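Just so you know, these numbers come straight off a predicted model, no measurement behind them.
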Amino acid sequence: MLDSFDPISKQLHLMSSIIEFEDAELALFLNRCHVMPYYALSWILTWYSHDFVRFDKVARLFDLFIASPPLMPVYCASAVILLRRSEILASEPDLLHSVIRHIPQDIDIERVIQLALQLANRYPALNLQKRTGIWLHDGSPVNTWDHEWKNLSWNDVPDTIQADRYLSEPILKEQWDDE
């Protein structure tokens, strides 16, 4: 476990950037209502397993996340917000945080996944970091995915020497950026 909230905080801000790139009006509304992206913290940390009652939805998302680059939960969170655009824009600003942090149980998980895959294609992790200036640690799985994991076949074994090197390096605490 990391001793800093910084890596997940950066991922949440990447999510906000994706929403802004896709729907500036929605992002502006969230910003005007002072809604920070922390509403999606449990979604991303638990791979949505604490947010959906139905096992089939959780299992479907786990399958997606296991087979996808590490930033996929962030793309899914962005997709959830983008698909709920009308509901969010119609919400009272004072109640928006409580509305937005709960994912409707009847949300179409396949639509969420389709949009998340489109977002991942439009905003690959490295390009997203470059575009936003929000940089994740070099040893982050988000930044090592393409080189270390993406092209493994079912019977390949990851380079354990490289994995051990990443695991043995201390994660440097980064200073919080004042925004």
Within the side chain of Gln114, is there an N or O that forms a donor-acceptor pair under 3.5 Å with the backbone of Glu110?
no
Would you say Ile107 ends up clustered with Ile18 if hydrophobic residues are merged whenever their side chains have heavy atoms under 4.5 Å apart, either directly or through other cluster members?
yes
I need the Met15 CE to Leu71 CG distance, nearest 0.5 Å.
11.0 Å
Gap between atom CD1 of Ile88 and atom CD1 of Ile81 - 0.5 Å precision:
4.0 Å
Partners passing side-chain contact (heavy atoms from CB on, under 4.5 Å) against Pro124 (at least two apart in sequence or in another chain):
Asn127
If we ignore hydrogens and angles and just use 3.5 Å, is the side chain of Trp43 paired with the main-chain N or O of Arg101 as donor and acceptor?
yes
Would you say Leu96 and Phe29 make side-chain contact, with heavy atoms under 4.5 Å?
yes
Would you say that more than 12 heavy atoms from the other residues, nucleotides or ligands in this model lie under 6.0 Å from the CZ of Arg122, or not?
yes
Side-chain heavy atoms under 4.5 angstrom apart, residues restricted to Ile, Leu, Val, Met, Phe, Trp, Tyr: same cluster for Met36 and Val99?
no
Is Leu61 reachable from Ile66 through a run of I, L, V, M, F, W or Y residues, each pair having side-chain heavy atoms under 4.5 Å apart?
yes
Applying ring-ring contact (aromatic ring centres under 6.0 Å, His included), which residue pairs with at least one partner in residues 61-112 are found, sequence neighbours left out?
Trp47-Phe62, Trp47-Phe65, Tyr48-Phe65
Value for CG (Leu115) from SG (Cys76), rounded to nearest 0.5 Å, stands at 9.0 Å
Output the distance between atom CG (Asp108) and atom CG (Leu83), rounded to the nearest 0.5 Å.
8.5 Å
Spacing of CD1 belonging to Ile109 relative to CZ belonging to Arg60, to within rounding of 0.5 Å:
8.5 Å
Quick one: side-chain contact (heavy atoms from CB on, under 4.5 Å) partners of Leu45, sequence neighbours excluded?
Ile8, Leu41
Please answer whether the main-chain N or O of Asp51 pairs with a side-chain N or O of Gln105 as donor and acceptor at a distance below 3.5 Å.
yes
Hey, is the main chain of Leu82 close enough, under 3.5 Å, to the side chain of Glu22 for a donor-acceptor pair?
no
Heavy-atom side-chain contact between Leu64 and Leu117 under 4.5 Å:
yes
Roughly how far, to the nearest 0.5 Å, is the CD atom of Glu20 from the NE2 atom of His13?
11.5 Å
Not counting sequence neighbours, which residues clear side-chain contact (heavy atoms from CB on, under 4.5 Å) with Asp63? List them please.
none
In this structure, would Leu14 and Tyr38 fall into the same cluster of hydrophobic residues linked by side-chain contacts under 4.5 Å?
yes
Looking only at heavy atoms, what is the nearest atom pair of Met72 and Ala116, with distance?
SD-CB, 4.0 Å
What pairs of residues pass the ring-ring contact (aromatic ring centres under 6.0 Å, His included) test when at least one of them lies in residues 103-129, not counting sequence neighbours?
Phe21-Tyr123
Contacts of Glu25 that satisfy side-chain contact (heavy atoms from CB on, under 4.5 Å) - sequence neighbours left out:
Asp23, Arg85, Leu89
